Amino acid sequence: MKDYHVNVFYSEEDGGYIADIPDLECCSAFGETAFAALQEVEKAKAAWLAAAKAARKPIPKPRYRPAIYQFAPA
């Protein structure tokens, strides 16, 4: 099974990095660095999946695919 896609971005408002998993609704985490946010979202993912299993809720398969950007040479 492939893993879930993770977005990591800097938030000026929060003064740190946010990592989120689009396939898992409301699954996100904060970190002072991008790496810290990624570590925290892995913990959030584990908790999200455990809670869904405990509640017998459906767990979505990884399906999100990020856009591939190509830049034309200048």
Side-chain angles (χ1 to χ4, degrees):
M1 178 171 132
K2 293 186 178 189
D3 206 355
Y4 295 97
H5 174 78
V6 177
N7 295 316
V8 179
F9 58 92
Y10 185 78
S11 169
E12 290 282 342
E13 182 179 340
D14 297 313
Y17 290 84
I18 305 293
D20 78 311
I21 300 174
D23 287 334
L24 304 179
E25 187 176 345
C26 299
C27 185
S28 64
F30 173 84
E32 290 186 14
T33 66
F35 184 71
L38 187 57
Q39 288 179 313
E40 292 300 315
V41 85
E42 287 297 324
K43 294 176 191 174
K45 177 178 76 173
W48 194 104
L49 294 172
K53 285 178 187 175
R56 296 185 178 196
K57 295 202 174 195
I59 297 174
K61 292 182 182 180
R63 64 179 169 74
Y64 180 80
R65 299 290 182 261
I68 297 174
Y69 298 98
Q70 288 188 336
F71 297 95

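Being a predicted model, the structure only gives us computed values, none of them experimental. In what follows, residues are counted from 1 in the order of the sequence shown.
Among all heavy-atom pairs drawn from D3 and P62, the shortest one is O-CB, 3.6 Å. Minimum interatomic distance between A37 and A19 (heavy atoms only, all atoms of both residues): O-CB, 3.6 Å.
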Audit row: L38, V6, side-chain contact (heavy atoms from CB on, under 4.5 Å) steps and yes/no
CA-CA 8 Å; L38 187 57; V6 177; 3.9 Å; yes

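The backbone N or O of R63 sits less than 3.5 Å from a side-chain atom of D23, completing a donor-acceptor pair.
For E42, the side chain to side chain donor-acceptor pair (under 3.5 Å) test picks out K45, with sequence neighbours left out. Qualifying side chain to side chain donor-acceptor pair (under 3.5 Å) partners for T33, counting only residues two or more places apart in sequence or in other chains: none. Annotation: side chain to side chain donor-acceptor pair (under 3.5 Å) contacts of K43 (sequence neighbours excluded): E40. For the ring pair (Phe, Tyr, Trp, His ring centres under 6.0 Å) test, residues two or more places apart in sequence or in another chain that qualify with Y10 are Y17.
Sorted by first then second residue, the ring-ring contact (aromatic ring centres under 6.0 Å, His included) pairs that include residues 19-61, not counting sequence neighbours, number zero. Residue pairs that meet the salt bridge (charged side-chain N to carboxylate O under 4.0 Å, His left out) test with at least one member in residues 7-16, sequence neighbours left out, do not exist here.
Looking only at side-chain heavy atoms (C-beta outward), V41 and I21 come within less than 4.5 Å of each other. Looking at heavy atoms from C-beta onward, P22 lies in side-chain contact with N7 at the 4.5 angstrom threshold.
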